[in-house]
> 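Structure incoming, see below.
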Number of protein chains: 2
Amino acid sequence: MAEDTRERILSACERVIARSGLRGFRMQEVAREAGVSIGLLAYHFGDRDGLLEAALDHVNESAAIRAEAPGEQPAPARLIALLTSEFGDDEGIRDGSVAWNELRASAVFDAGQARAVARSTADWQQRVVELVRESLGPQGADPEPIALLLTALVEGLSGRWLTGQITAAQAQDAMRDAAARVGIRAD
Amino acid sequence: MAEDTRERILSACERVIARSGLRGFRMQEVAREAGVSIGLLAYHFGDRDGLLEAALDHVNESAAIRAEAPGEQPAPARLIALLTSEFGDDEGIRDGSVAWNELRASAVFDAGQARAVARSTADWQQRVVELVRESLGPQGADPEPIALLLTALVEGLSGRWLTGQITAAQAQDAMRDAAARVGIRAD
DNA sequence: GCAGGAACTGAAAATGAATTCAGGACGCCC
DNA sequence: GGGCGTCCTGAATTCATTTTCAGTTCCTGC
């Protein structure tokens, strides 16, 4: 069925991007990974640009979905879980992070992508704002700058992790340490 | 003179990367920007890969040099100046940041580049460690995690800035705010 | 003043990837 | 069973870019 195939192609795109980056994003490669012919890519997505755009939207959505998962714990624990969930040796997590990282880098040169990235990031940061507010209580410090600090830090640490400068565990520790410094502790 | 020309070509590469990214890094484009023929690029650098490698080394060095500039102010002011100097509407600063950003993204897929990035980053972070130590005094908190926090935050904010999510001035404010939260103030 | 080498040019050839297209398979309705 | 539309294939073609190379300029030492 067609919808199924489209989905299979898009997740193949994500794997190809995670493995070889945007520069290694070849239609031949995607076709092989998805187990379809190269012509089918054109049939469904028009051309390379169309495929790439759909793939990046897909990456963007996957990231948004991953950021859901409410949970029943108290706010500080939920917040720390949300922030540290970006790092992990799990193949799926790393693939998603790498793809998202590529999308972010590419958005510097593409206003359309930049808009999509900005929207996703703003949603995510808003969720952090609310969890920070809940964690610190109504009398606590202004949550906005804290949320900016925490989310931008996740992105910075993610770069360090993906380039092998630190491990996923060290990134998580650094994240917890930062949260503690702004008054947020899981225990 | 040849050395002069090489330098001219490499700084043309940096401008091309800043303008169009690694994906838009065309030899024709570099040749035009540098005002030389395309054949000369091959003469000096062998092939596209050789040129790109030299260009990224050059970006790396430029970034390292930019991080120098000691100054005569007290340690906290020097530290904040070092951290906020990454952001600015100055064309040179933005070009350097964009190029460095591309290098960092590309290093995810290239172990050699990752090593170079890691070395530069470690040097920079070490300078931050020392300024943090000086700022907080010998009885102060452990400077290492603070330096990791501050430098990773610079990288995260840089991504936000380059994708148009925040302005350079907002990035600087966020940086000063973060420094204040870990006990470092310019005044 | 000329032999030789380094710096440099630009157009032709090679390469590598995207796009196009003629057609095959399959299911569905009449 | 035959027409028809959707999904799909893969080889031929086109296109963009890099690589190569024959040749020019200009300097330097003899």
Side-chain angles (χ1 to χ4, degrees), chain A residues 1-59 98-99 102-103 105-106 108-110 112-113, chain B residues 1-59 98-99 102-103 105-106 108-110 112-113:
Chain A
M1 208 264 228
E3 208 39 50
D4 193 55
T5 305
R6 277 180 67 100
E7 177 57 32
R8 194 147 43 86
I9 290 170
L10 291 176
S11 77
C13 286
E14 189 164 338
R15 286 195 299 283
V16 169
I17 292 172
R19 189 195 313 137
S20 328
L22 251 30
R23 75 174 150 183
F25 185 79
R26 310 263 146 74
M27 304 193 70
Q28 198 60 257
E29 195 64 16
V30 171
R32 179 143 42 89
E33 180 79 27
V36 300
S37 72
I38 199 168
L40 191 62
L41 303 181
Y43 177 76
H44 280 300
F45 301 97
D47 57 11
R48 184 184 187 276
D49 281 354
L51 176 60
L52 189 52
E53 190 185 328
L56 293 178
D57 281 354
H58 190 255
V59 164
V98 171
E102 286 288 291
L103 174 55
S106 163
V108 173
F109 305 99
D110 182 316
Q113 283 172 23
Chain B
M1 209 261 230
E3 207 40 49
D4 193 54
T5 305
R6 276 182 67 100
E7 177 59 31
R8 193 148 42 87
I9 291 171
L10 290 176
S11 78
C13 287
E14 190 164 338
R15 284 194 302 282
V16 169
I17 292 172
R19 188 194 314 136
S20 328
L22 252 30
R23 74 175 153 183
F25 185 79
R26 310 263 143 75
M27 303 191 71
Q28 197 62 257
E29 196 63 17
V30 171
R32 179 143 43 90
E33 180 78 29
V36 301
S37 72
I38 198 169
L40 191 63
L41 303 181
Y43 177 76
H44 281 299
F45 300 97
D47 58 10
R48 184 184 187 276
D49 280 355
L51 176 60
L52 188 53
E53 190 185 327
L56 293 178
D57 280 355
H58 190 255
V59 165
V98 172
E102 286 287 291
L103 172 54
S106 163
V108 172
F109 305 99
D110 182 314
Q113 282 172 22

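Lettering follows sequence order; numbering is per chain, from 1.
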> For A/Arg32 and C/dA18, give me the distance from atom CZ to atom P, rounded to whole Å.
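Going from A/Arg32 (CZ) to C/dA18 (P), I get 13 Å.
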> Can you tell me how far P of C/dA11 sits from CD of B/Gln28, to the nearest Å?
10 Å
> Tell me the interatomic distance from B/Arg8, atom CZ, to C/dC8, atom C1', rounded to whole angstroms.
11 Å
> Does the side chain to side chain contact (heavy atoms under 4.5 Å, CB included) test come out yes or no for A/Leu56 and A/Ile17, once each step is laid out?
CA-CA 10 Å; A/Leu56 293 178; A/Ile17 292 172; 4.2 Å; yes
> For a quick test of reading the model, state the closest non-hydrogen atom pair linking B/Glu33 to B/Ala12 and the distance between them.
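Between these two residues, the closest heavy atoms are CG-CB, 3.6 Å.
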> Within the 4.5 Å heavy-atom criterion, are A/Val36 and A/Arg8 side-chain neighbours or not?
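Result yes, sub-4.5 Å side-chain heavy-atom pair found.
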> Is the phosphate of D/dT6, meaning OP1 or OP2, less than 4.0 Å from a side-chain N or O of A/His44?
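So the side chain of A/His44 is outside the cut-off, no N or O lying under 4.0 Å from OP1 or OP2 of D/dT6.
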> In whole angstroms, how far is the C1' atom of D/dT18 from the CG atom of B/Leu51?
12 Å
> By nearest heavy atom, map A/Ile38 and B/Gly46 onto DNA chain D; which one lands nearer the 5' end?
A/Ile38
> If the cut-off is 4.0 Å, is B/Thr5 near the phosphate of C/dC8, judged by side-chain N/O to OP1 or OP2?
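So the side chain of B/Thr5 is within the cut-off, an N or O lying under 4.0 Å from OP1 or OP2 of C/dC8.
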> Go through C/dT9, D/dT9, C/dA18 for me and flag the one nearest to the A/Val36 side chain.
D/dT9
> Measure from CG on A/Leu41 to P on C/dT19 and round the result to the nearest Å.
10 Å
> Counting side-chain heavy atoms from C-beta on, which of C/dT19, D/dT17, D/dT19 comes nearest to B/Met27?
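Within the option list, the nearest is D/dT19.
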> Of A/Ala42 and A/Arg26, whose closest DNA chain C nucleotide lies nearer the 5' terminus?
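Whichever sits nearer the 5' end wins; that is A/Arg26.
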> Of the nucleotides D/dT18, D/dG10, C/dT19, which has the atom closest to the B/Arg48 side chain?
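Nucleotide nearest to B/Arg48's side chain: D/dT18.
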> Between P on D/dT6 and CG on A/Asp4, what's the gap in Å once rounded to a whole number?
19 Å
> Going by heavy atoms in the side chains, are A/Ser106 and B/Arg23 under 4.5 Å from each other?
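Counting from C-beta outward, A/Ser106 and B/Arg23 do come under 4.5 Å.
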> Taking CG from A/Leu52 and C1' from C/dA18, how many angstroms apart are they, rounded to a whole number?
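The answer, rounded to whole Å, is 13 Å.
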> Any non-hydrogen side-chain atom of B/Cys13 less than 4.5 Å from a side-chain atom of B/Phe25?
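Yes, side chains in contact.
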> Is the phosphate of D/dC7, meaning OP1 or OP2, less than 4.0 Å from a side-chain N or O of A/Tyr43?
yes
> Round to the nearest Å and state the distance from B/Phe45 atom CZ to D/dT18 atom P.
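Value for this atom pair: 15 Å.
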> Among C/dT9, D/dG10, D/dC7, which nucleotide sits nearest the side chain of A/Leu40?
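Comparing C/dT9, D/dG10, D/dC7 against the side chain of A/Leu40, the answer is D/dC7.
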